[in-house]
Amino acid sequence: RELRIAPGAPPAHPSNSHLYQKMVEYLPEESDGRLTAKVLGPEVVGLGQMKDALQTQIAEVGNLLPLYFPADLPMMAVTGQLSLIGTNSQAMGAAVTEFIVNCAPCQEEMKKLGFVFLGSGASDVYEFMTTKPVRTAEDLKGLRLRSGGAPWARLAEHFGAAPAQISVLDQFEAINSGTIDGTMASVADMLSFRLVEVVKYVTPAPLGLYHSTSNFTVAKPTWDSLSAEDRAAMVRAANRANADFTNRWGRDMPEEAEAAAREAGIEFIEADPSLIQAIEDFVQADIKTAGEFSREQFGISDAPEQIQQFLGLVEKWQAIAAEVDSDPEAMAERVYEEVWSKVDVSTYGG
Amino acid sequence: MRLLYRLQDGFLALLALIGALAIVALMIHVVTDVALRNTTNTPIPATYEIVTNYYMIALAFVPLAWVERRGGMVQVEVIEPLLNARALLWSDRLVALVSTIVYGALTWVTWLTALKNFETGVFVMAQNLAFPTWPAYFLVPLGFGLAALTTFIRMILPRRDTGHPEIAG
Amino acid sequence: MSVATGFAGIIALFLLLALRVPVALALIAVPVLGIAWLLGWAPAIGLLSSTPFSFVANWTLSAVPMFLLMGFLAFHTGLTGGLFDAAKAVLRRIPGALAISSIFACSGFAAVCGSSLATAAAMGRIAIPEMVKSGYSPSFATGSIAAGGTIGALIPPSILMIVYGVFAETSVIKVFVGGITIGLLTALAYSIVVLLTCWLRPDIAPPRPLDAEKIDRRRAILDIWPVLLLMLVVFGGLFSGVFTATEAGAVGALGAILISLAMRRLTWDIFKTSMIETLMTSSSLFIIGVGASMFTRFLGLTGLTGFISGAVSGAGLGYVELMLIVVVLYLLLGMFMEPFGAMLVTLPVLLPIFKAQGIDLVWFGVLCVKLLEIGMITPPVGLNVFVIRNVASEYATVVQIFKGVIPFLLADLVIVAVMISFPAIVLFLPSLMN
Ligand code: NA
Ligand code: NA
């Protein structure tokens, strides 16, 4: 059986090249050729259309970003509120995966949409990419920085910078002409959005990372039509691809982008220890804000408790990631052992 | 019948007014945002979301019935020169029928979407602000529904007085 | 099997268009029925329910109504009339001066506007009435501006080029710089078309403006300051980073209102008329956009686009054969698809081939955008032609505009041939940047 699968991103993006193309490769391997997959490009299903496309079976498996649909996936949006805490990509991908598989309200909201969750991934740690040097907290004052979401907006505001909402297509021109002074994002954007041509300085700092993904979101009718054997095969294929994806998105691509940035003469600035400390302090304090924010905005009464649960998993997976040096194959094995082997596929997602 | 037309035209003018207000609001909102960003470094929150989800949706969909009534929908007139008045009238009716079916289908499915989004209370995150977008989804079936009604009326009571939109308003 | 459905969809589209079904509705009906046939009703309904909102709720697109409003206001208040009078008065001895000035005005407008549609729309309202008044045939006048609008995406800023740069992982700025050359070359080629037409067919393009004698030269030249002021505000703000290219439309529209108010030229009637025209054009255009996007999604799902672009990857073609096939591929897809969709379905197939053959990706970026822009003026789905039909409905039908476009399309093919034969023309300026 051939499944229609939709990454919602162009071929060069890791969620296409190292997530969905890997699925095309792994699915027949894991299912002894019973299952194959055909990729639908972003011109057929874009990220904003993913929810509708899955619910109406235009696509049968899709890359769903929960932050696009916070009203439908409030519990998953809560983990998004904690984007600042991440320091290791593989650890965060694994922690989010284990959290969502075992969190009852998360499973409930996926079920309500008619979706089945098969794991998450994460980017590398974000950096300041600017046209004015950022070394100290003082340098951030008054800067206009593009922010990709609420946590980074809070961080920018805390340091007296103005968070700007600029569309990804406009950001190139906006930085080029000085409408904004830069962005807080993955250094991979140097290549993904060609910022290498307009940015002048990069300041690495503990700005968290992007981990709010549901990499392989399976539509319920498709999931229901699969035998337990086929479901297990899909879980194994997804689990392998998830680790490959995070390795590409969180490690290989940033390395390439950093090399390209250095070659382009972009200056890498070492932030003053006082700025690093101030950001770390803010991130710790922001955990409480994120809990209250989620309680008020998303109506989740036990958000602070859920967050504690999540933080415990983050700690656990950071230790594991350190142990295996974030090696994708080893990570995939550990996630399978710790999470998926404990899942009964005949009832999961039912 | 004349009363029906007058009622219809008056109502359609109201739709155009809503669309025009969306255009003016879009212009003033964006310019104010630009001005505030450059003077006080405090842009208007949720500008991006309001422009895309409200102004754009309102100006595109609400005036559809009015556009239909004024013959503003683009057609390719390949066979038009070959048709006599009678054939043209029947062709108009056929086109009105197809239009009514397409608009009707659009109305139905976008209405279901709007209801679903209303039940969920759909919102988007504008940085730190949860900004509701579900009301905007109702503008789409409103626009399509009234357009369906207009083409339906044109199918049963055809009139060829406005083949092309006369610009003078 | 599904590829056949794609072909059937194209035939059905032709049929519906010939039966006078509005373009937008034909573009919506065919993919829905096609997907229902292919995958069942649920996916068809999904396409129908999600595309309208997701297509229109788009930030970049918001520049279109704003630039339209600016153009309509400038036309009705006569802000730009001074410019054309001046052009007619000063250039009265040059054949076709008015059409040529309009084409270069498109190029100037292109420098503040990221999209070809907005360029065609705004310039169409301003220039076409002036051209018809001076004796150009409506078909030629509308065709020249529909084509002139395509310069909007060739001269930076250009959203299409940014998307290409991101996709091909190549320098956006170099593609921009290459685009300047080809944008200006296009304007030059179009001007030659005008000159030739004046010479061969004085009945459709008068060598001299019929109303030039009546113009007071000194007054006309003094009368261009309001439009210069407007340009100064928009250019100045854009290049100094006060606002982005998308926001420039709103600034331009408000600027036109304020300048015409200050000159006491803006009456309530003019304001109302401009609003009505803006609304009519944006609304009908966005519905066509919704349809074009649905049709693109449909062709993607059928695998037809993959099938056609896959034909290119066939065994070891030489440079010339490869380029010929690429050109034909884009001309075919450009007939039916909107440019972003056509780019997204072709690049994944083409880029690896080009990389293997060592073809310069900056060069191809410019060529690709040029080819996609040709699709904006080819039948049956020519978005620039549709927008012109709306802003100049009292002058020409869609068929007449498509006819008027033909000589400019021929010029485009010559430019494409030149770009393929002499890549250095595109790459000269970008190569100076290293
Ligand atoms: Na441009
Ligand atoms: Na076309």
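A note on names: the letters A, B, ... follow the listed sequences, proteins ahead of strands, and every chain is numbered from 1.
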| remark: Among B:Val140, B:Ile28, B:Leu112, B:Asn38, the residue with the most heavy-atom pairs under 4.5 Å to chain C is B:Asn38
| query | B:Met27 and C:Ala253: which non-hydrogen atoms are nearest, and at how many Å? | reply | SD-CB, 3.7 Å
| note | If you tally heavy-atom pairs under 4.5 Å between each of B:Val51, B:Leu94, B:Thr133 and chain C, the highest tally belongs to B:Val51
| Close side-chain approach of B:Thr113 and C:Ser50, heavy atoms under 4.5 Å | no
| Interface residue of largest heavy-atom contact number with chain C, from B:Thr110, B:Ile79, B:Val24, under 4.5 Å | B:Ile79
| request: Please report the shortest heavy-atom distance between B:Val76 and C:Val23, naming the atom on each side. | output: CG2-CG2, 3.9 Å
| message | If I measure from the heavy atoms of chain B, does C:Leu254 come under 4.5 Å with its side chain, its backbone, both, or neither? | response | both
| field | Heavy-atom closest contact (B:Ser91 atom, C:Leu19 atom, distance) | value | OG-O, 4.3 Å
| Would you call C:Ile45 and B:Trp108 a side-chain contact if the rule is heavy atoms closer than 4.5 Å? | yes
| field | Proximal component of B:Ala114, with respect to chain C [non-hydrogen, under 4.5 Å] | value | neither
| task | Name the region of C:Leu61, side chain, backbone, both or neither, that has any atom closer than 4.5 Å to a heavy atom of chain B. | result | both
| said: Side chains of C:Ser62 and B:Tyr55, heavy atoms from C-beta outward: is any pair under 4.5 Å? | reply: no
| query | Is the closest side-chain heavy-atom distance between C:Leu25 and B:Tyr103 below 4.5 Å? | reply | yes
| field | Shortest non-hydrogen separation from C:Pro65 to B:Leu26 and the atoms involved | value | CG-CD2, 4.3 Å
| Less than 4.5 Å apart, any side-chain heavy atom of C:Phe286 and any of B:Leu59? | yes
| Is C:Phe239 atom CZ crowded by more than 12 heavy atoms from other residues, nucleotides or ligands, each under 6.0 Å away? | yes
| Roughly how far apart are C:Trp59 CH2 and B:Asn53 CG, rounded to 0.5 Å? | 12.0 Å
| request: Examine distances only and state if a side-chain atom of B:Glu77 and a backbone atom of C:Val398 form a donor-acceptor pair shorter than 3.5 Å. | output: yes
| said: Please classify the contact of B:Ala22 with chain C as side chain, backbone, both or neither, using a heavy-atom distance under 4.5 Å. | reply: neither
| query | Does any heavy atom of chain B fall under 4.5 Å from the side chain of C:Leu48, the backbone, both, or neither of them? | reply | both
| said: Taking side chain as everything from C-beta outward and backbone as N, CA, C, O, which of these in B:Val98 sits under 4.5 Å from a heavy atom of chain C? Side chain, backbone, both or neither. | reply: side chain
| Atom CZ of B:Phe152 with >12 non-hydrogen neighbours under 6.0 angstrom | no
| What is the minimum heavy-atom distance between C:Ala29 and B:Val102, and which atoms define it? | CB-CG2, 4.1 Å
| Between B:Ile23 and C:Met66, is any pair of side-chain heavy atoms under 4.5 Å apart? | yes
| Contact check, side chains of B:Leu106 and C:Pro52, non-hydrogen atoms, under 4.5 Å | yes
| query | Nearest heavy-atom pair of B:Arg37 and C:Val242: which atoms, and what distance? | reply | NH2-O, 3.0 Å
| said: Is B:Val95 close to chain C through its backbone or its side chain, or both, or neither, when contacts mean heavy atoms under 4.5 Å? | reply: side chain
| request: Below 4.5 Å from any heavy atom of chain B, which atoms of C:Phe271 appear? Answer side chain, backbone, both or neither. | output: side chain
| said: Can you tell me which of C:Phe386, C:Phe53, C:Phe243 forms the most heavy-atom pairs within a distance under 4.5 Å of chain B? | reply: C:Phe53
| query | Quick one: does C:Arg389's side chain have a donor or acceptor within less than 3.5 Å of a partner on B:Met73's backbone? | reply | no
| task | Begin with the C-alpha distance, continue with both residues' side-chain angles, and end with the deciding distance and a verdict on side chain to side chain contact (heavy atoms under 4.5 Å, CB included) for B:Trp66 and C:Ile276. | result | CA-CA 10 Å; B:Trp66 169 81; C:Ile276 285 175; 3.7 Å; yes
| message | With heavy-atom distances below 4.5 Å as the criterion, would you say the side chains of B:Leu83 and C:Arg20 are in contact? | response | yes
| query | Among B:Gly143, B:Ala60, B:Gly19, which residue forms the greatest number of heavy-atom pairs with chain C at distances under 4.5 Å? | reply | B:Ala60
| Given a strict heavy-atom distance threshold of 4.5 Å, which part of C:Leu279 is in contact with chain B: side chain, backbone, both, or neither? | both
| query | Passes side chain to side chain contact (heavy atoms under 4.5 Å, CB included), B:Glu80 versus C:Val399? Steps please. | reply | CA-CA 10 Å; B:Glu80 204 159 326; C:Val399 176; over 6 Å; no
